[in-house]
Structure formats: structure tokens, C-alpha cells
Amino acid sequence: MTSYNEDTLVQQTTADYLEQELGWRSVYAYNTEDFGPDSLLGRGSDREVVLTRILREKLAELNPGLPEATYDEAVRQITATSATQTMVAANREKYELIKGRVPVIYRDDDGELVSARLRAIDFDTPEANDFLCVRELWVHRHPYRRRPDIVGFVNGLPLLFMELKNVHKDLRAAYDKNFADYKDTVPHLFHHNAFVVLGNGVEAKIGSLTAEYGHFSEWKRLSEASPGVVDMETLLKGVCGKATFLDLLENFILFDDSQGETRKILARNHQFLGVNRAFGAICDRKALAGKLGVFWHTQGAGKSYSMVMLTRKVHRKLGGNFTFLMLTDREDLDTQLYKTFAGCGVVDNDRDPCRASSGRHLLELLGRQKSYIFTLIQKFHWDSDPSGITQRDDIIVISDEAHRTQYGTLALNMRNALPNAGFLGFTGTPLFKNDEITRRVFGDYISTYDFQRAVEDKATVPLYYDARGEKLRFVDDDGLRVPLAVGPSLNERIAEALAAMEIEDLDVRLRLEKELGRDYHIITAQKRLEQVARDLVEHVTMAWESGKAMLVCIDKLTCVRMHGLITTYWQEKLAELRKQAVGTPGARTPRARTAL
């Protein structure tokens, strides 16, 4: 008999929702499960975490007509464990088998050896798979025995782990006290795991096997247009619907080695929605005349991972010979983007060159059937007419910080060289209202995840604006200082000029002076810079006890000038504070840093 309390009620309600609303089968295993081939779940003992009876049945159903021993071999590979493997390494290996199919060899009727790859899951037809949620399944690994709240199986594979608390408990407790304990005591339960869900009946979060609690995220929206609701039902609908579950499993999981240790990356809600909208645009690229849209996800929202997920999904689901031209305008951005793709195992420039080292090399790469090419916009610099280098319509240009790469001869060379390519723009900042060039190349927004939503989702930290600094003034004929009204015209002219200048190799200061005329001299006037430097030093010394600050200037020369001014005023402030401390009985001499 089930003992009902708030914990079990949340557990039962969740299982009922999966069964009644989302079409899963549901089984309550606590003290009702027996063992053996004909038992409730077909397990031989509580040490087993894969339901091999269901798995074998599905292998035969999804891959008919093969020798019986072939299915047994596939089951063996899927369930085999190694004492020397870490939990994350085992999880990665099993994921590749589940997603990439299980390799087997058998003899046909003529005695010839035949290689085949068996599907463990039918990703194209969700209803062809068996979805089963099991409540309170005993799992044993000597000397520990644990009972998870809910384990979700697809074709007998334990892909979903759910830890559920009662409504008044914080989800952090589910992570610290339960999930962390399960990973330590019964790690084999997670060898096949895809998703970890923490919930309390009201709110819920989802994350990966390796994610810290801070990287677990809510699932607020079923579509980008919806306002967003923080509740457990939205997460269950958005994640555990059969089609969505398999889409997430197949296309939105990455393993990233770029930081030195393997991290399992699971798409957040906004990435899943945005990538699928971009995927739809690529499917409709001919109807859109190659204008695939602008993907505006604010900084810190994981745009690089979104690019990896998108390109992999296109290659996997659409097939063909798609080439993705990853375009940036700075060496550091190109390197950063390449390292993300390389860390996720998608590219390897040493084994298969994909980074254009020159304009000539770029031409060579474009002439091959490369899956990925990484280049700077500056590489589209040729003396001869680049028109018609390739007529392929399966080249997709993904432009990072798209609004900065669509101006001038270089961009024109690119579009002439790739007349039938599709263009998809990624940006971390919104487009200017009058930025018609970017819209003409890419079209309008296809996915939007702005700063406010990112703050609400804790994907980035809040930003507070404090209107400080020296106001611009001019002296009239009578010698009076009159405030200078700085309307949008000056600000927008500066921003637009900066965006255009960033992709050129010419001297930035001279070009700014030419483009902005007297505006540049106004904002970089010596007196104004002195006032800004004094205000910054005063602000930092009075408002900050620790931490760091960043100063952004209009160009490198102004940065150097500001560094000199701030250094001078910083030393003056230090001397002033030390003098005050000496004259104050019992006061401690301030230990401010003397170097910037």
C-alpha cells in the first residue's frame, strides 16, 4: 500500500501527467517488482538499469530480418560497462550508440560477413517507440541501494531521471542531497541518461549529467511568442512530449572538451526554440530567396552552441552536402568559434583543414565539398572578379555579429562569389532601426532572446545604467557654457561608424575623424577625457571594495590616453586617502592597488 505524503503526491501527479497527457506508460515498482524474464519489468536483478526485455523487442522491431544473435550483440554493447571508464565517458559512449546506431557484424544466407548498424530508437516516428515512466525503482550497486522518484525509459533505456520534492522545498535540496548522492552511489544509473529534471510540483528545472546547479534551467515557453511561465507543467509539456523528447535527445545534446574536461551541454529553452526556427528557415531557403533571418540572442545566451546544434541538425536530418561558411570579422572571434566547434568534436583543422588562411585558400576550400569552413570577411579580398565561384545552393553562410560584416567591397565580393547561398545572421545586439543593409541580406528577425529575458532566466547578470560623466557643452559668443543636446543623430552616427570601421585594416582614428568630422573631436576633447577619468576614479574608490571594472573607449588611441589620465588620478587619490588615514586616530591605511 502506498504511503501518501506531499513527496509521493508530487511524484504520482507527475507520473499521471506523463501517462494521461503525454502518452507514456506508467508503472509503480516499489515493493511490487519481481525479477526474471517474465517479471514486471523483465530485470534479472536490481543491479540492472536497462530494461533488456523491452530493448531487445524494439531492436528486432526496428531492424527486422536479422539473425537473433545480432540483436543479442546489440543489447550486449548497449549494456556493457567498464570499471575503468568514468561516468561521463560511459555516458558519452552510450549516447553515440543510441544516436548513431549500434554496429554489428553477421553472416548472411550465403555465409558472407555483413556489417549493419541497428537503430535502438526510431527518431523519425515517435509513436514507434516505447515510453515508460517507472516510479521508485530500486537500483543497487554494492554497498548502496537507492530508489529514484521517477526514471523515464525509452525502448528500455533509462534516459530521464527525475528527483521530486514536496511543494515547499527548494530545488537546490533535490540537487545537493539527492541527485549528487545518486551519482556517487549508483553511477551506472546515469550511463544512458539524457536529461535530469528537478521539480517540486510547482516549479522545475532541467539540466545535464555534468551541470552545476546554477546551469540547470527552467523551461518557460512552448513557443517564442508566449510570455513565459515558470511552472512544472510547462517543462513537462516542453520536454517530455514524445516528439520534443526525441528531438532534444537527437539534436540538442553536445559533449564539449574545449575547457580541458568533458562537459555535457543540453540546450536551454531559448536555444531549442531558436535553433528549430532557424532549421525551418533553412528547409524553406528557396522560398525565402536565401534570406534566412537574423538570430538575435543576447550575449551570454550560448550563441556558439546554438550554431553547433543547428548545423549538426541540418547535416543529420536534411542530409545532402551542406557547407556551412562560419563568418566573423575578427581573429579572436574566429578562433573562439572554431574552438567551440572543435571542442564539440565537429571539426578538426589539423586532420581536415577547414580554416581559411588566405583569400586563395578560401577559394580552394569553397571548391571542395566541405561540411564547415571558418573564415574572416577580410579573406574575401580578390583582385579578379569573384562572380560565380560556385553556383551551389546548399552553402549556408552563418555570420557572427552579422551587422558588422555586410558593408563595402568585401561583403559584395562574398555575395557575388556565392550567388545562391543562404545567409543567416547571428548577433548579440539588436539591429539599428535604420539598418536596411543587414535586413536586405538576411531578412528580419527569425529568433529573439533579448537581454531582459536572459536576465529573467538567469542566463546573464543584470545590467544597471547610471548616467554619469561629463556633459558635452559649448561656449557661446558671450562666453557662457551651454549644454550640448546630444540627440540620437550623434550617438547613432558614432555607433554606425564604429561598426563599419571594425572590419577594416586601415587606421581607425583617421577613418573615424573622416567619417564623424567634428563629432570625434568633441567626444575625445582633452578636458572631457580628464573629467571622465576623474569621475571614474572617484566612483571606483568610493563605491567598490573589490571586483573589477571595464572601460570602453571609441578607439585604441583614446584608450591609451584614458589609461594615462586614470593612472595619474589614481595615484593622486591614493595619496589623498593615505593622508586622510594618517590624520585619523585609529584609522587603517587603505590598501588600494597601485597598478592598473
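When reading the values below, keep in mind they use all heavy atoms of this one structure, side chains included, and skip hydrogens, waters and symmetry mates.
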Is the distance from the ring center of [X] to that of [Y] below 6.0 Å?
X: F295; Y: Y445; answer: no
X: F216; Y: Y175; answer: yes
X: H142; Y: Y144; answer: no

Are side-chain heavy atoms of [X] and [Y] found at a separation under 4.5 Å?
X: L137; Y: V139; answer: yes
X: K303; Y: T427; answer: no
X: L249; Y: F195; answer: yes
X: L189; Y: P148; answer: yes
X: I206; Y: L235; answer: yes
X: K165; Y: V10; answer: no
X: S208; Y: V196; answer: no
X: K237; Y: Y17; answer: yes

With a 3.5 Å distance limit and no angle check, can you tell me whether [X] reaches the backbone of [Y] through a side-chain donor-acceptor pair?
X: N91; Y: M87; value: no
X: T335; Y: D332; value: no
X: S45; Y: R47; value: yes
X: T86; Y: A89; value: yes
X: T234; Y: V230; value: no
X: E33; Y: L40; value: no
X: R53; Y: S39; value: yes
X: D46; Y: H140; value: no

- Item | Exercise: do S447 and H297 side chains pair donor with acceptor under 3.5 Å | yes
- Message: When you compare the side chains of T311 and Y372, does any donor N or O come within less than 3.5 Å of an acceptor on the partner?
- Response: yes
When rounded to the nearest 0.5 angstrom, what distance separates [atom1] in [X] from [atom2] in [Y]?
X: F374; Y: I398; atom1: CZ; atom2: CD1; result: 9.0 Å
X: L59; Y: I54; atom1: CG; atom2: CD1; result: 12.0 Å
X: R263; Y: E212; atom1: CZ; atom2: CD; result: 11.0 Å
X: N269; Y: L273; atom1: CG; atom2: CG; result: 5.0 Å
X: L157; Y: F153; atom1: CG; atom2: CZ; result: 9.0 Å
X: K99; Y: I253; atom1: NZ; atom2: CD1; result: 8.5 Å

- Item | Pairwise side-chain hydrogen bond (donor to acceptor under 3.5 Å, both in side chains) hits with a residue in residues 180-200, at least two apart | R146-D181
- Message: Per the side-chain hydrogen bond (donor to acceptor under 3.5 Å, both in side chains) rule, what does the pair list look like for residues 272-285, sequence neighbours excluded?
- Response: D247-N276, N276-K313
Quick check: closest heavy atoms across [X] and [Y], and the distance to 0.1 Å?
X: N178; Y: A173; result: OD1-O, 3.6 Å
X: I105; Y: S115; result: CG1-OG, 4.0 Å
X: A301; Y: Y449; result: CB-CD2, 3.7 Å
X: F179; Y: L209; result: CZ-O, 3.9 Å
X: E19; Y: S26; result: OE1-CB, 3.6 Å
X: N63; Y: Y71; result: O-OH, 2.6 Å

- Message: Show, in sequence, the C-alpha distance, side-chain angles and deciding distance for F131 and L22, and conclude whether the side chain to side chain contact (heavy atoms under 4.5 Å, CB included) test is met.
- Response: CA-CA 10 Å; F131 288 78; L22 302 178; over 6 Å; no
- Is the charged tip of R355 near the ring of Y338: under 6.0 Å from the six-membered ring centre and within 45° of its axis? yes
- List the steps and the verdict of side chain to side chain donor-acceptor pair (under 3.5 Å) for Y305 and Q271. CA-CA 9 Å; Y305 284 136; Q271 292 174 305; over 6 Å; no
- Can you check side chain to side chain contact (heavy atoms under 4.5 Å, CB included) on F322 and I396, steps first, answer last? CA-CA 7 Å; F322 279 92; I396 307 296; 4.0 Å; yes
Can a salt bridge be assigned to the pair [X] and [Y] using a cut-off of 4.0 Å between side-chain N and carboxylate O?
X: K58; Y: D130; answer: no
X: D352; Y: K370; answer: yes
X: R147; Y: E136; answer: yes

- Is the NE2 atom of H315 crowded by more than 12 outside heavy atoms at less than 6.0 Å? yes
- Task: Could you list the residues that satisfy side-chain contact (heavy atoms from CB on, under 4.5 Å) with D149, not counting sequence neighbours?
- Result: Q11, E163, L164
- Item | Pairs involving residues 102-119, ordered by first then second residue, that meet salt bridge (Lys or Arg N to Asp or Glu O under 4.0 Å) (sequence neighbours left out) | R119-D122
- Note on the structure: Residues pairing under salt bridge (Lys or Arg N to Asp or Glu O under 4.0 Å) where one sits in residues 69-98, two or more places apart or in two chains, turn out to be R56-D72, E73-R76, R92-D257
- Kindly indicate, with the supporting measurements, whether the criterion side chain to side chain contact (heavy atoms under 4.5 Å, CB included) is fulfilled by L160 and W24. CA-CA 12 Å; L160 173 66; W24 292 57; 4.2 Å; yes
- Residue pairs passing the ring pair (Phe, Tyr, Trp, His ring centres under 6.0 Å) test where at least one lies in residues 248-269, sequence neighbours excluded: Y95-F255, F252-F272
- State which residue, out of R101, R312, K317, fulfils the salt bridge (charged side-chain N to carboxylate O under 4.0 Å, His left out) condition with E250. K317
- Query: Taking it one step at a time, do I78 and V75 satisfy side chain to side chain contact (heavy atoms under 4.5 Å, CB included)?
  - Reply: CA-CA 5 Å; I78 292 172; V75 170; 5.9 Å; no
